[in-house]
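All figures in this text were calculated on a predicted structure; none of them were measured in a lab. Numbers restart at 1 for each chain; the letters A, B, ... are given by sequence-line order, proteins then strands.
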There are 2 protein chains.
Amino acid sequence: MQSPTALQLRQFRAQLTKFVEFSDEQWDLIASLLYLKSIKKKELFVSGDKVCNEVGFILQGSLRFFFVKDGIELSNYFCFQNELMSSYRSFLKRTPSIISIDAMEDSQLICFTYDSLQQLLADERTSFAMEHFGRMIAEYLICCYEERVFSFLTQTPEERYKRLIDEQPHFLNRIPQHYLANYLGVTAVSLSRIRKRIHESRSKQKLAS
Amino acid sequence: MQSPTALQLRQFRAQLTKFVEFSDEQWDLIASLLYLKSIKKKELFVSGDKVCNEVGFILQGSLRFFFVKDGIELSNYFCFQNELMSSYRSFLKRTPSIISIDAMEDSQLICFTYDSLQQLLADERTSFAMEHFGRMIAEYLICCYEERVFSFLTQTPEERYKRLIDEQPHFLNRIPQHYLANYLGVTAVSLSRIRKRIHESRSKQKLAS
DNA sequence: GCAATACGTTAACAAAGGATAAGAAAAAAT
DNA sequence: ATTTTTTCTTATCCTTTGTTAACGTATTGC
């Protein structure tokens, strides 16, 4: 169990301020429970049949969330540097994860365990802040999920892809296309066709103008 | 602003124990901020362009969540008796709701406002319990959403419908089919075809056995 | 450097879903 | 009770997607 450096802890704490402000005393208690975790490309952070016992903060690298169905991997989400991630449902409910998570690049994380979190929730010096923190994270995720369900119900795969280009262009460079296809709810072959359609209609527009 | 009866308050409190246990003192403070709301069939609880200011508990009746796209309503979710509901993203972030909510039947709710919630979160007698309550609700919703995204990515509309029959049969009796179709991510016409396919394969099985 | 693997595109065919319209059945309104 | 409206089904046609397989190109590992 390697401890994070002061620099790494600062990086983590700076990102957390989006959700909650910890006092220095609180932060020391939290920091003492954090540890580093390195994951090589393609290694698993969580396997889709085990209970997820930790939450990770990505110091560097990128992770992929995926479901396995009939032996096929279906990518579901992607997280990058400075994002907090876990298989939340499994972590929270203590049930086997239906999601697997692996690394798309060699990655380094700061992690804390479920037991650590319970310890902080039970400690009166940190319990209130941690309850609040947990609520903020959960509420943030709800908003993301509402958007995602909205896109599945109201948009075609082509519309979803176009929106991705506009709103999350960094996804395009760092995520293999067949992963992105799953994320959009189609096969890799279909995404390739969608891209072709878009390119063709773009070049027609150029000709016309 | 009509106040709930003692009986109605008991009904509400009993359901809340799934998420949090309030002391009697806390409950009195909360209950004093609750009010009744009646919604006639097809009336709106929230309109999809306004900020949602309240959370409701369904004493009786049923509500429908839907998006509006190009003037078309796309049903997204349904809530029944003893469920807590709101347009959470709008309520939490104070932004216009992208979801509209209306009543499928004449319904009666116990509601509280955003300001009431803030008041309870600021009151040291209730703040801890309310933070915890908020976290529990949010975490519950995350689990629901994870399931829902899972179903969109890994299942066909037909598989989703079959699973609905098994896992939420009460949906079938109380929700019009064209609403259900939206919920499953297809058109009403397509759901009708899916139903036909299923019935046909069921009767073939009967013949064979 | 070379072989093996992974990735993206394309083609051909089958299956499914969307759009539209028409009609039957059920529910609601008068 | 009888209109009127809503809901559900069916048919037709067209578009899109899934499936499978082939091919070229990057990447990776050795």
Does OP1 or OP2 of [N] have a side-chain N or O of [X] closer than 4.0 Å?
X      : N      : answer
B:S190 : C:dG18 : yes
B:K196 : D:dC8  : no
B:Q177 : D:dT6  : no
B:H178 : D:dC8  : yes
A:T187 : D:dG18 : yes

Relative to [Y], does [X] satisfy both conditions: NZ or CZ under 6.0 angstrom from the six-membered ring centre, and within 45 degrees of the ring's axis?
X      : Y      : value
A:R89  : A:F91  : no
A:R64  : A:Y179 : yes
B:R148 : B:Y145 : no

Over how many whole Å does the gap from [X] atom [atom1] to [N] atom [atom2] extend?
X      : N      : atom1 : atom2 : answer
B:Q155 : C:dA16 : CD    : C1'   : 16 Å
B:L172 : D:dT7  : CG    : C1'   : 16 Å
B:F152 : D:dT17 : CZ    : P     : 16 Å
B:L74  : C:dA19 : CG    : P     : 10 Å
A:R197 : C:dA11 : CZ    : P     : 14 Å
A:L180 : C:dT9  : CG    : C1'   : 16 Å
B:I194 : C:dG18 : CD1   : P     : 8 Å
A:Y161 : D:dT17 : OH    : C1'   : 17 Å

Of the listed nucleotides ([options]), which one gets closest to any side-chain atom of [X]?
X      : options                : value
B:V189 : C:dT10, C:dG18, C:dA21 : C:dA21
A:P157 : D:dT17, C:dG17, D:dC8  : D:dT17
B:S192 : C:dG17, D:dT9, D:dT19  : D:dT9

### Task
Would you indicate what B:R193 reaches in the nucleic acid, counting non-hydrogen atoms under 4.0 angstrom: base, sugar-phosphate, or nothing?
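Answer is base: heavy atoms of B:R193 come under 4.0 Å of a base.
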#### Entry: Minimum heavy-atom distance A:C111-A:E54, with the two atoms named
CB-OE1, 4.0 Å
### Task
Starting from the 5' end of DNA chain C, give me the residue, A:Y179 or B:V186, whose nearest nucleotide shows up first.
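Closest to the 5' end, via its nearest nucleotide, is A:Y179.
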### Task
Would you sort out whether B:T113 and B:D115 count as a side chain to side chain donor-acceptor pair (under 3.5 Å), showing the intermediate values?
CA-CA 5 Å; B:T113 64; B:D115 291 339; 5.3 Å; no
